[in-house]
Amino acid sequence: MSVQVAVNGYGTIGKRVADAVTLQPDMELIGVGKTRPNHEAELAVENGYPLYAAIEDRVDLFEDAGIDLAGTVEEMVEAADVVVDACPSGIGAENKSLYEAYDTPALYQGGEDADLVDTSFNARGNFEDAAGADHVRVVSCNTTGLSRLLAPLQETYGVEKARITLVRRGGDPAQSGRGPINDILPNPIGLPSHHGPDVNTIFPGIDIDTLGLKVPATLMHTHSVNVTLEATPDADEVRELLDGQTRTFLIPEGSGIDGAGAIKEFAMDRNRPRADVWENCIWGESVSMEGSDLYLFQAIHQESDVVPENVDAIRATLGTADATESIERTNETMGIGF
Ligand code: NAD
């Protein structure tokens, strides 16, 4: 029996998660919840995804726009084995009582507070913690990228202290109202940025300080990483370790990939849907050791790295596969790994 999955909130993250769910042999997408009859609502219909009105008063708007609805979001939640909430930050918290009313386990996104849920989730970091939980939060794009990097370092060498500067895109490409347009903002100005504490929701014991900036870019985030290890491997060993992970892409030296623009071009040339880059992109050449200090740069595609994590979180929460099986199945079906 396939797991019946509903996706509530069909925007940047929700539409990608919905597509990824349809690729899974053990899952069925039973519908998506939408507030407005916009171009994304039309896309859901074009894809054959049953569309449910998230706000009852707006049912007429869909009818006026000629968009057929399958029902209301309550009906969708009731019919689902699990709901992936991909609504804007804070709306997930408002929806929690709806999921509880129908006793449907729910996955939320990184914009929600950690204390909303039973556990935060990263497939490589803490897959098992979600087993049997009713409310699970798939951590943000940046925290996902950091968790994938820190997990193998911690397991293999031990992490004494991580210090990360996150150069964050101002907004996603379609977010015309976000910024800055022409500035470089320390954000937040005080330490720590929320990312360090957020990493601690996955790895409670890791000592990590994070600083954030926001810049006029939309394509990807870039992390400048320094991790003091409890061992002194050479840079080649670390490179090999990171290359051996399934959701990290070690950008080869000499590839001509010098930034986020070239990474996206690389993804487009390889026919990635929406030019998505699900993997952490680590510049192999940047991986350096100074004593026990590791340095590297990585780029994170904010719109897509959490998508396979949501798929794995469904299996982790319902206990339908273990971490290795789930990660392998998700990677294979989505085509993860350049
Ligand atoms: P988005 O605005 O692109 O999409 C959210 C969608 O939810 C929109 O289509 C909106 O109309 C819809 N919506 C609003 N209220 C709703 C309701 N009550 N019921 C159903 N649908 C509703 O937002 P997003 O970028 O996809 O972000 C979603 C979540 O994912 C947030 O928690 C965000 O922090 C997190 N996240 C975003 C990114 C990113 O870079 N975009 C990365 C990782 C995590």
Side-chain angles (χ1 to χ4, degrees), residues 6-20 31-44 49 51-59 61-62 65 67 69 71-77 80 83-99 106-114 116-117 120-122 135-148 166 168-178 194-195 198 212 214 217-222 260 274-278 280 299-310 313:
V7 175
N8 193 21
Y10 190 71
T12 306
I13 301 299
K15 63 188 174 186
R16 288 171 164 84
V17 171
D19 289 353
V32 301
K34 196 83 191 77
T35 47
R36 285 172 297 158
N38 66 358
H39 68 98
E40 283 162 336
E42 284 169 9
L43 173 72
Y49 303 164
L51 190 66
Y52 290 84
I55 300 172
E56 215 175 330
D57 298 352
R58 299 209 192 150
V59 166
L61 296 180
F62 286 88
I67 295 177
L69 289 172
T72 63
V73 77
E74 286 79 9
E75 293 170 289
M76 178 179 83
V77 171
V83 55
V84 178
D85 184 295
C87 292
S89 303
I91 305 288
E94 290 177 15
N95 288 338
K96 187 178 183 179
S97 56
L98 167 68
Y99 309 139
L107 311 184
Y108 305 86
Q109 307 305 311
E112 303 303 326
D113 289 342
L116 180 73
V117 294
S120 293
F121 179 87
N122 171 258
H135 304 280
V136 173
R137 183 181 72 119
V138 175
V139 290
S140 74
C141 46
N142 279 309
T143 307
T144 294
L146 292 176
S147 299
R148 288 177 183 167
L166 301 101
R168 294 146 66 209
R169 57 89 177 104
D172 294 340
Q175 288 177 314
S176 53
R178 297 270 296 249
H194 71 271
H195 307 93
D198 209 31
K214 267 195 190 181
T218 62
L219 298 179
M220 297 178 88
H221 302 295
T222 304
R274 301 185 175 93
D276 281 349
V277 185
W278 302 296
N280 288 25
I300 301 295
H301 184 219
Q302 75 280 357
E303 296 170 292
S304 70
D305 74 328
V306 298
V307 175
E309 307 295 330
N310 272 275

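For ligands, and for the atoms within them, numbers begin at 1 and follow the listed sequence. Note: hydrogens, waters and symmetry copies are ignored here, and every other heavy atom, side chains too, is used. For reference, positions follow the sequence shown, starting with 1.
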Arg169: heavy atom below 4.0 Å from ligand 1, yes or no? yes

Quick one: OG1 on Thr35 to CD on Glu40, what's the gap to the nearest 0.5 Å? 9.5 Å

Could you tell me the residue and atom name of the protein heavy atom closest to atom 3 (O) of ligand 1, and the distance to it rounded to 0.1 Å? Thr12 OG1, 2.8 Å

Would you compute the distance between atom CH2 of Trp278 and atom CG of Asp305 and round it to the nearest 0.5 angstrom? 12.0 Å

Numbered in order shown, the ligand 1 atoms found under 4.0 Å of a heavy atom of Ala54 are 19 (N), 20 (C)

Glu309 and Arg148 ion-paired at < 4.0 Å: yes

Is ligand 1 under 4.0 Å from a heavy atom in the side chain of Ile91, in the backbone, in both, or in neither? side chain

What atoms of ligand 1 come within less than 4.0 Å of a heavy atom belonging to Asp172? 39 (C), 40 (O), 41 (N)

I need the nearest protein heavy-atom contact for atom 5 (C) of ligand 1: residue, atom name and distance, please. Ala86 O, 3.4 Å

Closest non-hydrogen atom pair between Cys87 and Asn95, with its separation: SG-ND2, 3.5 Å

Considering non-hydrogen atoms of the protein only, which is the closest contact for atom 17 (C) of ligand 1, and what is the distance? Thr35 CG2, 3.5 Å

Which ligand 1 atoms, with their elements, are less than 4.0 angstrom from a heavy-atom of Asn8? 19 (N), 20 (C)

Can you tell me which residue and heavy atom of the protein come closest to atom 42 (C) of ligand 1, and the distance to 0.1 Å? Gln302 O, 3.0 Å

Heavy atom of Lys34, distance to ligand 1 below 4.0 Å: yes

Identify the heavy atoms of Val32 and Ala44 that sit nearest to each other, and give their distance. CG2-CB, 3.8 Å

Got a second to check how far Lys34's NZ is from Tyr10's OH, nearest 0.5 Å? 9.0 Å

Does the N or O separation between Glu112 and ligand 1 drop below 3.5 Å for any pair? no

For the pair Asp198 and Arg137, evaluate salt bridge (Lys or Arg N to Asp or Glu O under 4.0 Å) and give the outcome as yes or no after the intermediate values. CA-CA 11 Å; Asp198 209 31; Arg137 183 181 72 119; 2.5 Å; yes

Polar contact flag for Gln109 and ligand 1 (N/O pairs, less than 3.5 Å): no

For Leu98 and Val73, run side chain to side chain contact (heavy atoms under 4.5 Å, CB included): C-alpha distance rounded to whole Å, both residues' side-chain angles, the deciding distance at 0.1 Å, then the answer. CA-CA 9 Å; Leu98 167 68; Val73 77; 4.0 Å; yes

Do you know which two heavy atoms are closest between Ala106 and Tyr99, and how far apart they sit? CB-CD1, 3.4 Å

Between Gly14 and ligand 1, is there a nitrogen or oxygen pair with a distance under 3.5 Å? no

Protein heavy atom at shortest distance from atom 13 (N) of ligand 1: Pro88 CD, 3.7 Å

Ligand 1-proximal atoms of Tyr10, by part, heavy-atom distance under 4.0 Å: backbone

For His221 and Arg169, the nearest pair of non-hydrogen atoms, with its separation, is ND1-N, 3.2 Å

Looking at atom 32 (O) of ligand 1, tell me if a protein heavy atom falls under 4.0 Å from it. yes

Which residue and atom name correspond to the protein heavy atom nearest atom 37 (C) of ligand 1, and how close is it? Ile13 CG1, 3.7 Å

Using a heavy-atom cut-off of under 4.0 Å, does the side chain or the backbone of Cys141 touch ligand 1, or both, or neither? both

Identify the closest protein heavy atom to atom 28 (C) of ligand 1: which residue and atom is it, and at what distance? Cys87 O, 3.3 Å

CG (Leu146) and CD1 (Ile300) are apart, to the nearest 0.5 Å, by 7.0 Å

Short version for Arg36: what comes under 4.0 Å of ligand 1, heavy atoms counted, is side chain

Atoms of ligand 1, numbered as shown, that sit under 4.0 Å from any heavy atom of Gly111: 32 (O), 34 (O)

Atom 4 (O) of ligand 1: closest protein heavy atom, distance to 0.1 Å, is Gly11 CA, 3.3 Å

